[in-house]
Amino acid sequence: MKWALIGASTIAAQYMVAAFRSLAEGGAIRVVSGSADRAARFAADHGIARSGTDLDEALSDPAVDAVYISSTNEKHFPQAMAAIAAGKHVLCEKPLAMRLEDAVAMVRAAEAAGLVFATNHHLRCAGSHRAIRGLIAAGRVGRVLSLRIHHAVHLPENLRGWRIASAEAGGGVVPDITVHDADLARFLLGEDPVSVVAQMGVSGMGQGVEDSAMSAWLMPSGAMVQAHESFTHPFAGTALEVHGTEGSVLARGVLTQRPLGEIELVTAAGRETVPFPDHDLYQQAVRQFADAVAGRGRPAATGWDGVKSLAVALAVREAARSGIRQQVSYGGAP
Ligand code: NDP
């Protein structure tokens with residue numbers, strides 16, 4: 001599968017170029033950027049044949065099967081719609097769009113065109129989270145009572161640009177990290193949050209956008225989810241806890257882009273360490289995407305998964321802004 005990269009981004013450089021190359025005969029053959037120089041440098045650094053600033057030119061290349069969109073968030077919608085109109089499959093970064101209706105429009109357009117559309121939610125591709133999901137599904141914790149997601153990190157220096165200073169580009173910790181946590185909660189529990197309450201604030205990095213958020217979500221089963229996201233916590237580490245009537249899962253260091261962390265299951269029988277596979281998260285996502293294009297299964301996170309994670313994030317932000325509990329509206333997502 002041959003890819004065009006839309007966006008000469010850090011995530012593309014750090015993870016996705018290698019992930020595309022990990023498949024036999026796979027790889028990126030074009031990169032499109034807002035700057036010809038940046039695109040050329042990115043192409044040279046990563047062994048990509050062609051670069052430029054013209055999206056239409058890249059999309060009209062018949063050698064391109066699919067596009068990977070990792071521009072800043074406000075660009076995802078127009079770029080994805082152009083790619084779909086050109087008949088390309090789309091792997092789009094989260095958040096899918098700035099507005100829920102735009103995200104829904106992207107997913108519906110891809111469906112209408114018969115194209116695969118996926119969201120790059122990496123956490124559900126991790127062996128750790130798949131193992132935790134397996135424990136829950138196998139009844140090892142009994143009925144789930146609560147899920148606590150501690151995802152307060154220290155944003156690396158090189159990412160302290162639009163993320164902390166530009167509302168127009170979709171900055172803020174809620175569109176950046178809460179979307180991932182929303183997807184993870186849905187993946188682990190197999191249900192969609194009904195309502196949310198929240199607080200958000202600025203604690204050292206945000207300039208016009210929030211850099212920290214805490215929220216509580218109610219699930220249809222009655223389970224409650226507590227989520228904490230931040231850019232400003234240098235020593236906190238990450239953690240995830242699932243508490244049920246028959247057991248608890250205590251995981252540390254698993255909210256990460258790499259196959260790291262530890263999982264412990266605690267039940268009446270005692271404590272046990274839970275092993276998990278250590279495959280690359282992004283390669284897993286790309287493999288499942290390619291399989292879906294070949295008619296084998298679905299992407300790891302579909303377009304509708306991206307719509308739903310955005311819906312939860314938007315509800316969290318609105319709850320924090322207004323001080324009023326929000327019912328989550330999924331925009332008609334199935
Ligand atoms: P970057 O800031 O690295 O890249 C975003 C855009 O900023 C690029 O497309 C590029 O524009 C421009 N840019 C990047 N570096 C420079 C630079 N040095 N000078 C000038 N412009 C620059 O963002 P990220 O890679 O962190 O994020 C991109 C997208 O991916 C976002 O939507 C984000 O939410 C998502 N993301 C997802 C992750 C995941 O795990 N799923 C992890 C990290 C990010 P141009 O292309 O026009 O050159």
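Only heavy atoms go into these numbers, but all of them, side chains included; no hydrogens, no water, no symmetry mates. Remember, it's 1-based here, ligands and their atoms both numbered in the order they're listed.
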Item to check | Residue, atom name and distance, where the atom is the protein heavy atom closest to atom 46 (O) of ligand 1 | outcome: Ala8 N, 2.8 Å
Checklist entry - Does Arg163, backbone or side chain, put an N or O under 3.5 Å from an N or O of ligand 1? => result yes
Next on the checklist: With nothing but distance in play, are any N or O atoms of Pro95 less than 3.5 Å from an N or O of ligand 1?
Outcome noted: no
Item to check | Protein contact to atom 48 (O) of ligand 1 [nearest heavy atom, distance to 0.1 Å] | outcome: Ser33 OG, 2.5 Å
Item to check | Within-shell test, Tyr282 vs ligand 1, heavy atom, strictly < 4.0 Å | outcome: yes
Item to check | Ligand-side contact atoms (ligand 1) for residue partner Gly7, heavy atom cut-off under 4.0 Å | outcome: 9 (O), 46 (O)
Checklist entry - Is there a nitrogen or oxygen of His122 sitting under 3.5 Å from a nitrogen or oxygen of ligand 1? => result yes
Checklist outcome for this item: Per-atom filter on ligand 1: closer than 4.0 angstrom to a heavy atom of His76 are 32 (O)
Checklist entry - Only one of Asp211, Thr232, Ile177, Ile164 clears side chain to side chain contact (heavy atoms under 4.5 Å, CB included) with Leu155; which? => result Ile164
Next on the checklist: If I take atom CG from residue Leu145 and atom CD from residue Glu246, how far apart are they, to the nearest 0.5 angstrom?
Outcome noted: 9.5 Å
Exercise answer: donor-acceptor pairs, residues 34-47 side-chain atoms, under 3.5 Å, sequence neighbours excluded:
| from | atom 1 | to | atom 2 | distance (Å) |
| --- | --- | --- | --- | --- |
| Ser35 | OG | Asp37 | N | 3.4 |
| Ser35 | OG | Arg38 | N | 2.9 |
| Arg38 | NH2 | Ala8 | O | 2.1 |

Item to check | Expected output: side-chain Asp305 to main-chain Thr302 donor-acceptor under 3.5 Å | outcome: yes
Next on the checklist: For the residue pair His243 / Ser248, report whether a side-chain donor-acceptor contact shorter than 3.5 Å exists.
Outcome noted: yes
Next on the checklist: Using a 4.0 Å cut-off to any heavy atom of Gln257, which atoms of ligand 1 qualify?
Outcome noted: 40 (O), 42 (C)
Item to check | Atom pair CZ (Arg160) and NE2 (His154), whose distance is rounded to the nearest 0.5 Å | outcome: 4.5 Å
Checklist entry - Counting from 1, what ligand 1 atoms have a heavy atom of Ser71 closer than 4.0 Å? => result 9 (O), 28 (C), 29 (C), 31 (C), 32 (O)
Item to check | Leu159 N/O to ligand 1 N/O under 3.5 Å | outcome: no
Checklist entry - If you count the atoms of ligand 1 from 1 in the order shown, which ones are under 4.0 Å from a heavy atom of Asn73? => result 31 (C), 32 (O), 34 (O)
Next on the checklist: I'd like to check the side chain to side chain contact (heavy atoms under 4.5 Å, CB included) partners of Val274; sequence neighbours left out, ordered by chain and number.
Outcome noted: Ala131, Leu135, Ile263, Leu265
Checklist entry - Any heavy atom of Trp162 sitting closer than 4.0 Å to ligand 1? => result yes
Checklist outcome for this item: among protein heavy atoms, the one nearest atom 25 (O) of ligand 1 is Ile11 N, 2.9 Å
Next on the checklist: Quick check on Lys75 - does any of its heavy atoms sit under 4.0 Å from an atom of ligand 1?
Outcome noted: no
Next on the checklist: Salt bridge or not between Asp65 and Lys2? Use side-chain N to carboxylate O under 4.0 Å.
Outcome noted: no
Next on the checklist: Within ligand 1, which atoms have a heavy atom of His180 less than 4.0 Å away?
Outcome noted: 39 (C), 40 (O), 41 (N)
Checklist entry - Does ligand 1 have any atom that is closer than 4.0 Å to a heavy atom of Gln14? => result no
Checklist entry - Parallel, tilted or perpendicular for His180 and His121, by the 30°/60° rule? => result perpendicular
Next on the checklist: For atom 15 (N) of ligand 1, what is the closest protein heavy atom, and at what distance to 0.1 Å?
Outcome noted: Arg38 NH2, 3.3 Å
Next on the checklist: If the threshold is 4.0 Å, N to carboxylate O, is there a salt bridge linking Asp280 and Arg258?
Outcome noted: no
Checklist entry - Counting heavy atoms only, which of Thr256, Thr72, Val179 comes nearest to atom 5 (C) of ligand 1? => result Thr72
Next on the checklist: Over 60° means perpendicular and under 30° means parallel, so tell me whether His233 and His228 are parallel, tilted or perpendicular.
Outcome noted: perpendicular
Next on the checklist: Which residue and atom name correspond to the protein heavy atom nearest atom 38 (C) of ligand 1, and how close is it?
Outcome noted: Glu93 OE1, 3.7 Å
Checklist outcome for this item: The protein heavy atom nearest to atom 47 (O) of ligand 1 is Gly34 N, 2.6 Å
Next on the checklist: With a cutoff of 4.0 Å, is Ser70 in contact with ligand 1, counting heavy atoms of the residue only?
Outcome noted: yes
Next on the checklist: Among all the protein's non-hydrogen atoms, which is closest to atom 3 (O) of ligand 1, and how far away is it?
Outcome noted: Thr10 OG1, 2.4 Å
Next on the checklist: Using only atom types and a distance under 3.5 Å, with no angle test, would you say the side chain of Glu210 pairs donor to acceptor with the backbone of Val173?
Outcome noted: yes
Checklist entry - Quick one: is the NZ or CZ of Arg133 closer than 6.0 Å to the six-membered ring centre of Phe187, and within 45° of its axis? => result yes
Checklist entry - Does His129 use its side chain to pair, donor to acceptor, with the backbone of Val254 at less than 3.5 Å? => result yes
Item to check | Polar proximity ligand 1 side, Lys94 side, N/O cut 3.5 Å exclusive | outcome: yes
